[in-house]
S.K.: 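For reference, the structure I am asking about is given below.
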Amino acid sequence: MASDSRTVGLLPPIRGPHDFASAFDVSRETLGRLETYAALLAQWQKAVNLVAPATLGEVWGRHFADSAQLAGLAPGARTWVDLGSGAGFPGLVVAMLMAGTEPRGSDPSPTIVLKSGNAGARGLTPFPASAQGDLTPPRVTLVESNARKCAFLREVVRRTALEPGVAVDILSTRIETAATQARLHGPGVVSARALAPLDKLLALAAPLFTSATVGLFMKGRGLAAELEAAQRQWNFHAELAPSRTDRDGRILVIRNLQPKNEGLNP
């Protein structure tokens with residue numbers, strides 16, 4: 001069953017704006033913002049190490065599409081916290097989609113459901129819909145400790161004029177600090193991409209979680225071992241969604257995150 005899910009919904013190669021527009025139903029305004037983003041990334045990369053140099057020419061598929069797929073897993077989210085945002089992946093791309101239209105094909109692909117480490121029934125738990133009549137814009141918070149990367153993120157937000165469609169906060173801080181954790185407690189979604197092994201990632205994210213919070217964590221081939229290690233310290237309900245951009249990738253959907261030892265300080 002695990003092997004069957006590897007290629008479900010896999011997107012064709014995305015090499016530029018045209019391919020991205022074919023894969024995701026976004027407005028011209030959103031596509032224009034992403035083009036500005038790509039141009040700024042290439043410009044700033046000369047002075048700031050934002051992405052691996054080998055991936056700079058693959059930004060539309062390797063970074064933009066990879067990030068954009070998360071928006072379809074949480075279409076009802078109103079508050080989103082992205083940990084270790086770096087160059088803005090996935091959080092800033094998600095913010096751009098929130099400011100425009102939602103990506104096409106937001107119905108998730110078949111998934112493997114895990115409870116306490118055991119495979120269960122297929123089907124991703126629906127994300128709660130946003131409240132009807134809520135006119136406040138969604139809010140995305142990007143947490144990045146590197147000040148130069150934060151300067152880049154602020155420039156992208158300024159040049160793409162995301163507000164008032166979405167509010168974007170950029171915090172140049174470490175998520176471990178108590179003040180940051182208190183400020184960000186209780187978002188609809190916590191996301192991270194290539195930030196830390198799962199046990200350490202859950203320790204960073206746990207202070208933000210409530211019973212309504214969903215974690216969306218992008219993982220690769222080593223996920224099985226990471227899950228096994230994390231389950232020694234944490235209780236959680238986990239679902240695996242196949243990545244639409246990486247044959248070996250997974251998106252780990254976490255709910256009801258709690259330490260196994262109530263005295264454990266995450």
Side-chain angles (χ1 to χ4, degrees), residues 24 26 30 66-86 88-109 111 113 123-144 153 157 162-171 173 175 179-193 195 198 201-219 234-241 243-244 250-258 266:
F24 297 92
V26 297
T30 297
D66 194 43
S67 299
Q69 65 180 317
L70 290 195
L73 295 177
R78 303 296 298 174
T79 53
W80 192 299
V81 174
D82 189 47
L83 305 181
S85 294
F89 311 125
L92 190 50
V93 174
V94 169
M96 291 185 179
L97 295 179
M98 283 183 169
T101 58
E102 294 180 2
R104 184 174 60 205
S106 60
D107 289 341
S109 300
T111 60
V113 180
L124 192 69
T125 303
F127 194 91
S130 58
Q132 292 184 357
D134 185 357
L135 299 180
T136 60
R139 180 173 296 274
V140 176
T141 302
L142 310 177
V143 183
E144 171 54 52
L153 295 173
V157 171
L162 286 176
E163 295 183 347
V166 62
V168 180
D169 296 325
I170 300 168
L171 303 186
T173 184
I175 190 59
T180 302
Q181 293 172 353
R183 175 177 177 178
L184 300 179
H185 183 72
V189 173
V190 176
S191 64
R193 179 183 188 240
L195 178 60
L198 185 59
L201 179 56
L202 295 183
L204 293 173
L208 279 60
F209 266 66
T210 67
S211 60
T213 302
V214 177
L216 297 178
F217 304 131
M218 309 180 81
K219 289 293 179 179
W234 301 95
N235 287 320
F236 52 85
H237 173 255
E239 305 171 44
L240 294 182
S243 170
R244 299 187 65 197
R250 294 291 186 276
I251 301 167
L252 182 61
V253 185
I254 295 286
R255 290 180 172 86
N256 303 321
L257 175 63
Q258 295 180 338

S.K.: Does any non-hydrogen side-chain atom of V214 lie less than 4.5 Å from one of L73?
M.R.: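 No, side chains not in contact.
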
S.K.: Rounded to the nearest 0.5 Å, how far does CZ of R250 lie from CD of E239?
M.R.: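 Separation between the atoms: 14.0 Å.
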
S.K.: Over all heavy atoms of both residues, which pair between D82 and G91 is shortest? Give the atoms and the distance, please.
M.R.: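 So the two residues come closest at OD2-N, 3.1 Å.
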
S.K.: Quick one, P90 and D66 - any side-chain contact, counting heavy atoms below 4.5 Å?
M.R.: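 With C-beta onward as the side chain, the pair stays apart.
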
S.K.: Do the side chains of V140 and L142 get nearer than 4.5 Å, heavy atoms only?
M.R.: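 Yes, their side chains come closer than 4.5 Å.
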
S.K.: Do T136 and R78 make a side-chain contact, defined as non-hydrogen atoms from C-beta onward lying under 4.5 Å apart?
M.R.: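 Yes. Closest side-chain heavy atoms under 4.5 Å.
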
S.K.: Using a 4.5 Å cut-off on heavy atoms from C-beta on, say whether the side chain of R183 contacts that of L171.
M.R.: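 Yes, at least one pair of side-chain atoms sits under 4.5 Å.
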
S.K.: Which atom pair, heavy atoms only, marks the closest approach of W234 to A203?
M.R.: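 Result for this residue pair: CZ2-CA, 3.5 Å.
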
S.K.: In sequence, state the C-alpha distance, the side-chain angles, and the governing distance for L70 and W80, and then conclude on side chain to side chain contact (heavy atoms under 4.5 Å, CB included).
M.R.: CA-CA 11 Å; L70 290 195; W80 192 299; 4.3 Å; yes

S.K.: Can you tell me which residue among L202, L216, L201, L240 is in a side-chain contact (heavy atoms from CB on, under 4.5 Å) with L252?
M.R.: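 Single side-chain contact (heavy atoms from CB on, under 4.5 Å) partner of L252 among L202, L216, L201, L240: L240.
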
S.K.: Quick check against the 3.5 Å criterion: does Q181 have a side-chain atom that pairs as donor or acceptor with the backbone of P207?
M.R.: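 Such a contact is absent between Q181 side chain and P207 backbone.
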
S.K.: Of all the heavy-atom pairs spanning L97 and A68, show the shortest one and how long it is.
M.R.: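 Residues L97 and A68, closest heavy atoms: CD1-CB, 3.6 Å.
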
S.K.: Could you pull out the closest heavy-atom pair between M98 and P138, with the gap in Å?
M.R.: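 The answer is SD-CB, 3.9 Å.
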
S.K.: Heavy-atom distance under 4.5 Å between the side chains of E163 and P137, does that happen here?
M.R.: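 Sidechains of P137 and E163: no contact.
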
S.K.: Any chance you could measure E144, atom CD, to T173, atom OG1, to the nearest 0.5 Å?
M.R.: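 Going from the CD atom of E144 to the OG1 atom of T173 covers 10.5 Å.
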
S.K.: How many angstroms lie between atom CZ of F89 and atom CE of M218, to the nearest 0.5 angstrom?
M.R.: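 It is 11.0 Å, given to the nearest 0.5 Å.
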
S.K.: So, taking the atom named OG1 in T30 and the one named CG in L162, what distance separates them when rounded to the nearest 0.5 Å?
M.R.: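 Going from the OG1 atom of T30 to the CG atom of L162 covers 9.0 Å.
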
S.K.: Output the distance between atom NE2 (H237) and atom CD1 (I254), rounded to the nearest 0.5 Å.
M.R.: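 Output value for this atom pair is 9.0 Å.
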
S.K.: Looking only at non-hydrogen atoms, find the nearest pair between F217 and V190 and report the distance.
M.R.: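 Residues F217 and V190, closest heavy atoms: CE2-O, 3.6 Å.
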
S.K.: Tell me if a side-chain donor or acceptor on T213 pairs with a main-chain N or O of G186 at a distance below 3.5 Å.
M.R.: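 Not confirmed, T213 side chain does not pair with G186 backbone.
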
S.K.: Considering only heavy atoms from C-beta outward, does the side chain of S85 approach that of L92 to under 4.5 Å?
M.R.: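 Answer no - side chains too far apart.
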
S.K.: Walk me through whether V94 and S191 qualify under side chain to side chain contact (heavy atoms under 4.5 Å, CB included).
M.R.: CA-CA 10 Å; V94 169; S191 64; over 6 Å; no

S.K.: Can you tell me how far CD of Q258 sits from CZ of F209, rounded to the nearest 0.5 angstrom?
M.R.: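 The CZ atom of F209 sits 11.0 Å away from the CD atom of Q258.
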
S.K.: In the structure I gave you, are the side-chain heavy atoms of L204 and L195 within less than 4.5 Å of one another anywhere?
M.R.: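 They are in side-chain contact.
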
S.K.: If you compare all heavy atoms of A95 against all heavy atoms of V168, which two are closest, and at what distance to 0.1 Å?
M.R.: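 Where A95 meets V168 most closely, the heavy atoms are CB-CG2, 4.0 Å.
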
